Amino acid sequence: AQTVTQSQPEMSVQEAETVTLSCTYDTSENNYYLFWYKQPPSRQMILVIRQEAYKQQNATENRFSVNFQKAAKSFSLKISDSQLGDTAMYFCALKTSYDKVIFGPGTSLSVIP
Amino acid sequence: NAGVTQTPKFQVLKTGQSMTLQCAQDMNHNSMYWYRQDPGMGLRLIYYSASEGTTDKGEVPNGYNVSRLNKREFSLRLESAAPSQTSVYFCASSDPPPLTYNSPLHFGNGTRLTVT
């Protein structure tokens, strides 16, 4: 069975500072994909960043980057230069074979002016 | 381009009533999903369909049934609603092959269901 764990239910960060959200997962498969999604108060789900498990290089999208540690099954998200618009729920997700996608419980991030 | 469309947006049911949540996508996606979102529990997978004609159980399938009517539509049915099924329900789909395996989910706007 696949599982995704996010151990930080809530976090806060000062505007312009850097914050790291943690995610660990478990799967017996060797090929899989990891994602971070953002859900602002509008409830819309927005893709933030994705990582292929077979790639050693960590993914980066503008102010967002990941630290992917395959052996440790860890997939953390770093947000640099935090902005007020980053305030949202953040979900880590694991996509395995047969297109099954499992989410973690989420981290509520508040950016403080 | 509508993307993923869910209906209805809101619904209130009494215990024991039945209803069907509708979902349609116009992006030619092979895979479709139903999730429920509850506070503190993230999105939990109810059922998914990796292709037209196939469906598979997710993490919390009990009390639900699904139908993949065609490639575009994937419905979720509650046969006898219970208060524990009060939640926000999301439908999602993902890109067609050869991108399916690494493509993200595209979500609908959700249905807020209350069972009294």
Side-chain angles (χ1 to χ4, degrees), chain A residues 1-10 21-27 29-55 59 61 64 66 68 88-108, chain B residues 3-6 9-10 23 25 29-61 68 74 87-113:
Chain A
Q2 294 86 22
T3 59
V4 178
T5 302
Q6 293 176 251
S7 60
Q8 305 151 315
E10 296 181 359
L21 308 183
S22 300
C23 172
T24 58
Y25 61 92
D26 191 24
T27 178
E29 299 190 13
N30 197 43
N31 293 323
Y32 51 89
Y33 292 81
L34 295 158
F35 304 85
W36 279 98
Y37 286 87
K38 167 185 176 181
Q39 187 183 43
S42 67
R43 214 169 65 189
Q44 183 183 9
M45 294 290 288
I46 302 166
L47 175 69
V48 175
I49 199 165
R50 76 184 93 176
Q51 174 80 40
E52 293 89 342
Y54 61 83
K55 288 188 178 179
E61 290 284 345
F64 300 89
V66 298
F68 174 48
M89 284 290 294
Y90 286 82
F91 295 100
C92 179
L94 167 67
K95 186 175 190 179
T96 59
S97 61
Y98 304 106
D99 272 0
K100 188 174 185 178
V101 183
I102 301 294
F103 285 79
T107 296
S108 178
Chain B
V4 179
T5 303
Q6 287 183 239
K9 289 184 169 57
F10 301 93
C23 176
Q25 51 91 8
H29 288 171
N30 274 346
S31 298
M32 296 186 73
Y33 307 78
W34 276 106
Y35 291 91
R36 60 178 289 174
Q37 183 175 19
D38 303 291
M41 304 190 77
L43 281 81
R44 291 183 292 170
L45 181 63
I46 305 171
Y47 273 93
Y48 67 107
S49 170
S51 63
E52 186 179 354
T54 68
T55 60
D56 289 284
K57 293 179 181 179
E59 302 167 279
V60 289
R68 185 73 184 266
F74 189 39
S87 188
V88 178
Y89 291 84
F90 284 96
C91 177
S93 66
S94 64
D95 288 334
L99 301 176
T100 303
Y101 198 54
N102 68 343
S103 69
L105 296 177
H106 298 257
F107 285 87
N109 289 329
T111 296
R112 184 175 292 278
L113 174 67

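None of these values were measured; they are calculated from a predicted model.
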(message) Quick check on Q51(A) against chain B: is it the side chain, the backbone, both or neither that has a heavy atom closer than 4.5 Å?
(response)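 Contact with chain B is absent: no heavy atom of Q51(A) under 4.5 Å.
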(message) Please determine whether the number of non-hydrogen atoms from other residues, nucleotides or ligands lying under 6.0 Å from atom CZ of R44(B) exceeds 12.
(response) yes
(message) Could you report the tightest heavy-atom contact between T111(B) and R43(A), atom names first, then the distance?
(response) N-NH2, 4.3 Å
(request) Locate the shortest heavy-atom distance separating S103(B) from K95(A); write the atom from each residue and the value. (result) O-NZ, 3.0 Å
(request) Report yes or no: does K100(A) contribute a side-chain atom to a donor-acceptor pair with the main-chain N or O of K57(B) at less than 3.5 Å? (result)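 No: the side chain of K100(A) does not pair with the backbone of K57(B).
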(request) Applying ring pair (Phe, Tyr, Trp, His ring centres under 6.0 Å), name anything that partners Y35(B), two or more places apart in sequence or on another chain. (result)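 Once residues adjacent in sequence are excluded, the partners of Y35(B) under the ring pair (Phe, Tyr, Trp, His ring centres under 6.0 Å) criterion are F103(A).
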(request) Mind checking the OG-CG spacing from S93(B) to D99(A)? Nearest 0.5 Å is all I need. (result) 11.0 Å
(message) Please report the interatomic distance CG(L43(B)) to CE(M45(A)), rounded to the nearest 0.5 Å.
(response) 5.0 Å
(message) Test side chain to side chain contact (heavy atoms under 4.5 Å, CB included) on Q39(A) and F107(B); report intermediate values, then the result.
(response) CA-CA 11 Å; Q39(A) 187 183 43; F107(B) 285 87; over 6 Å; no
(request) Select one option (side chain, backbone, both, neither) describing which atoms of L45(B) are under 4.5 Å from chain A's heavy atoms. (result) side chain
(message) Working note: Y37(A) + L105(B), criterion side chain to side chain contact (heavy atoms under 4.5 Å, CB included); need CA distance, chi angles, decisive distance, verdict.
(response) CA-CA 9 Å; Y37(A) 286 87; L105(B) 296 177; 3.6 Å; yes
(message) Within the 4.5 Å heavy-atom criterion, are Y48(B) and V101(A) side-chain neighbours or not?
(response) no
(request) Kindly indicate whether the side chain of H106(B), heavy atoms from C-beta on, has any atom under 4.5 Å from the side chain of L47(A). (result)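 Not touching, per the 4.5 Å side-chain cut-off.
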(request) List in chain and number order the residues that pass side chain to side chain contact (heavy atoms under 4.5 Å, CB included) with E61(A), two or more places apart in sequence or in another chain; answer none if no residue qualifies. (result) I49(A)
